[in-house]
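Structure record follows, encoded as C-alpha cells.
Residue numbers begin at 1 in each chain, while the letters A, B, ... track the order of the sequences. All heavy atoms count here, side chains included; hydrogens, waters and symmetry mates do not. Since this is a predicted model, take the numbers as computed values, not measurements.
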Number of protein chains: 2
Amino acid sequence: MQVTTLCLGALVFGEATGYEINKMFEDGPFSHFLDASYGSIYPALTRLTDEGLVTCKAEQQERRPDKKIYALTDKGRQSLSEALHTPLAEDKFRSEFLFAVLFAHLLPRSRVVELVDQRLAAMKAKTEELAAKDPGDTPGMDFARLYGHAVYSASVSFLENNRHLIEDIAVDDKPQEASREVHTHV
Amino acid sequence: MQVTTLCLGALVFGEATGYEINKMFEDGPFSHFLDASYGSIYPALTRLTDEGLVTCKAEQQERRPDKKIYALTDKGRQSLSEALHTPLAEDKFRSEFLFAVLFAHLLPRSRVVELVDQRLAAMKAKTEELAAKDPGDTPGMDFARLYGHAVYSASVSFLENNRHLIEDIAVDDKPQEASREVHTHV
DNA sequence: ATTCTCATATATCGGCCCTATATAGACACG
DNA sequence: CGTGTCTATATAGGGCCGATATATGAGAAT
C-alpha cells in the first residue's frame with residue numbers, strides 16, 4: 001500500500017495540510033501501526049492532486065508560505081474504497097531488539113540487561129499511551145488502540161517473565177572493564 | 001540498521017551463500033522480525049567483501065553458475081559487535097489491517113468480517129509455527145520464538161474477543177448486492 | 001513422454017520511500 | 001537577546017523492495 005493511499009485515508013478524517021498529515025503518522029492516530037514522512041507525503045499529495053483524487057486550496061498567509069489545504073474528492077474516496085477491497089499486505093514487523101537478542105551469547109551481560117531495560121521502558125510507555133481513551137477517537141481508532149494495548153501488555157509481561165533467558169546466556173562483563181569502573185569509583 | 005549489518009548477523013551462524021541468507025529472511029529464523037531481499041542482499045555482500053568484513057570463495061559447479069560462499073572475518077565480527085553496542089532503532093510495525101479497520105464504518109460488514117477472518121487465520125498459523133521448538137535453535141532464537149508466540153497469542157485472543165467492535169460499526173451489505181446474491185442462488 | 005512448476009543461484013533496474021537538510025517567520029523561555 | 005520549538009513546504013541523496021532475467025535440475029502433474 002502506497003503513501004498516496006495512506007494520505008487518502010488521512011483525509012477521510014477531514015481536510016488537512018501536508019504538515020498535519022505528517023503529524024498523524026508521527027504522533028497521531030496512525031503512529032502506532034503506520035509510517036510515512038515528508039519525503040513521501042508531499043510528492044504523494046502532488047500526485048493525488050494531479051490525478052484529481054484530492055483538491056488543494058492554497059490559503060494565503062501574511063508573511064508565511066501559503067498553507068495548502070488538501071481535501072478528498074469523490075474520486076479519491078472511491079479510490080480508497082477500492083484499495084480497501086483489494087487484498088491487504090500482511091503486517092510487517094521489524095525489531096532490531098530481537099535481532100540483537102540472537103547474539104546475546106556474544107554480548108556482555110550488562111549490555112543485554114541495558115537493552116531489555118530500555119525496551120521494557122519503551123513498551124510500558126506505549127502501553128500507558130494506549131490506555132488513555134480519547135473521546136474524539138472514532139470506533140476504528142478505539143479498536144486499534146485497544147489492540148495495541150493488548151499486544152504491548154503481552155509484550156511487557158513476556159519480557160518481565162523471561163528476560164533471564166537471554167540475560168543468563170550473555171557473557172560475563174569483561175573483568176578489566178569491571179575493575180576499571182570500580183577503580184574510578186574508589 | 002542496514003542490510004549489511006543484518007548479513008553480518010546471518011553469517012555468525014556459519015558461512016552461507018546470498019541465496020541462503022535470503023532464505024533466512026524469507027522463511028528462516030529472521031523471517032518473523034526482519035526483512036531483506038535479493039535487491040539489497042547481493043549488493044550488501046559485495047560491499048562487505050570490498051571492505052574486508054566478509055570473505056567470498058567461489059565454488060565452481062558443473063553447468064551451474066559459481067556458488068559464492070561468504071564467511072565472516074574478524075573485522076566483520078567486530079563490526080557487528082560495534083553495531084550491537086550502538087543505540088538500536090525502535091521496533092517498526094506496519095499493519096494495513098489496522099489501517100483498514102479505521103474505515104470499518106465505510107466498508108460493508110461482509111468485507112470487515114472477511115478481513116478479520118483472514119487475519120485471524122494468518123495469526124493462528126504464525127502462532128502454531130512459533131510453538132514448535134527446533135532443537136537446532138540457539139537460545140537467542142528460542143527467546144525470539146517464544147516472544148513471538150506470546151504476542152501472536154495475545155493478538156488472536158484480542159481479535160476473537162473484540163472483533164464485534166468493528167464488525168458492528170460496518171455498514172450493512174448493500175441491499176442490491178445482497179439481493180443479487182440471493183437471486184443467483186434462487 | 002512431456003510439460004509445468006519448484007528449487008537452486010546470481011544479479012540488476014526502476015521506482016518508491018526515508019533521512020537529512022534548507023528556508024522562514026512566530027513565539028516562548030531564560 | 002539568543003536559543004529552541006512550532007508551523008509549513010520542499011528536495012536531494014541514497015537505501016531498499018519488487019520484478020525481472022538467466023540457467024539448470026528435480027520432481028510432479030497430465
Side-chain angles (χ1 to χ4, degrees), chain A residues 1-8 10 15-28 30-31 34-51 54 56-70 83 86-87 89-94 96 99, chain B residues 1-8 10 15-28 30-31 34-51 54 56-70 83 86-87 89-94 96 99:
Chain A
M1 189 167 288
Q2 295 175 219
V3 173
T4 47
T5 311
L6 302 184
C7 288
L8 291 178
E15 54 178 33
T17 64
Y19 180 78
E20 287 165 339
I21 291 175
N22 181 257
K23 269 201 299 186
M24 295 173 82
F25 290 102
E26 205 98 321
D27 315 310
F30 293 180
S31 61
L34 292 174
D35 51 309
S37 52
Y38 287 135
S40 52
I41 290 171
Y42 281 115
L45 289 171
T46 305
R47 239 180 304 154
L48 288 170
T49 308
D50 291 344
E51 292 166 13
V54 305
C56 171
K57 65 174 173 199
E59 193 175 273
Q60 282 191 335
Q61 301 194 119
E62 286 171 26
R63 312 204 183 203
R64 288 256 194 147
D66 286 1
K67 191 194 275 191
K68 293 187 181 174
I69 301 170
Y70 294 91
T86 57
E90 275 192 31
D91 290 3
K92 267 180 198 169
F93 175 61
R94 187 186 172 93
E96 296 193 356
F99 176 71
Chain B
M1 188 169 290
Q2 296 178 219
V3 173
T4 46
T5 311
L6 302 185
C7 287
L8 292 178
E15 54 179 32
T17 65
Y19 181 77
E20 286 164 342
I21 291 174
N22 181 258
K23 269 201 300 187
M24 294 173 82
F25 290 102
E26 204 98 320
D27 315 310
F30 293 179
S31 62
L34 292 173
D35 52 307
S37 52
Y38 287 135
S40 52
I41 291 170
Y42 281 114
L45 289 171
T46 305
R47 238 180 305 155
L48 288 170
T49 308
D50 291 346
E51 292 166 14
V54 304
C56 170
K57 66 175 171 196
E59 191 176 273
Q60 283 192 333
Q61 300 194 118
E62 287 173 26
R63 313 204 182 203
R64 290 256 193 148
D66 286 1
K67 191 194 277 191
K68 292 186 180 175
I69 301 170
Y70 294 91
T86 57
E90 274 193 31
D91 289 3
K92 268 181 198 167
F93 175 61
R94 186 185 173 93
E96 296 193 357
F99 176 71

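For Y19(B), whose side chain is taken as the heavy atoms from C-beta onward, the closest listed nucleotide among dT11(D), dC17(D), dT10(C) is dT10(C). Nearest to the side chain of K23(B), among dT8(C), dA8(D), dT12(C), sits dT8(C). In the set dC17(C), dA9(C), dT9(D), the nucleotide with an atom closest to the side chain of E20(B) is dA9(C). Here dC18(C) is the nucleotide among dC6(D), dA9(C), dC18(C) with the atom lying nearest to any side-chain atom of A36(A). The listed nucleotides are dT7(D), dT10(C), dC16(D); the one nearest the side chain of K68(B) is dT10(C).
Using bins of under 30°, 30° to 60° and over 60° for the plane-to-plane angle, the ring pair Y19(A)/Y38(A) lands in the parallel bin.
Mapping K92(B) and S40(B) onto DNA chain C by nearest heavy atom places S40(B) closer to the 5' end of the strand. Along DNA chain C, the nucleotide nearest to G39(B) and the one nearest to G39(A) differ in position, and the one closer to the 5' end is contacted by G39(B).
Taking atom OH on Y38(B) and atom P on dC13(C), their separation rounds to 18 Å, with Å as the unit.
For dT10(C), one of the phosphate oxygens OP1 or OP2 lies less than 4.0 angstrom from a side-chain nitrogen or oxygen of T17(B). Close to dT10(C), at under 4.0 Å from its OP1 or OP2, lies a side-chain N or O of Y42(B).
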TODO: Given side-chain contact (heavy atoms from CB on, under 4.5 Å), test F93(A) with D91(B) step by step and report yes or no.
DONE: CA-CA 7 Å; F93(A) 175 61; D91(B) 289 3; 3.6 Å; yes
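S37(A) comes within 4.0 angstrom of a base, heavy atoms only.
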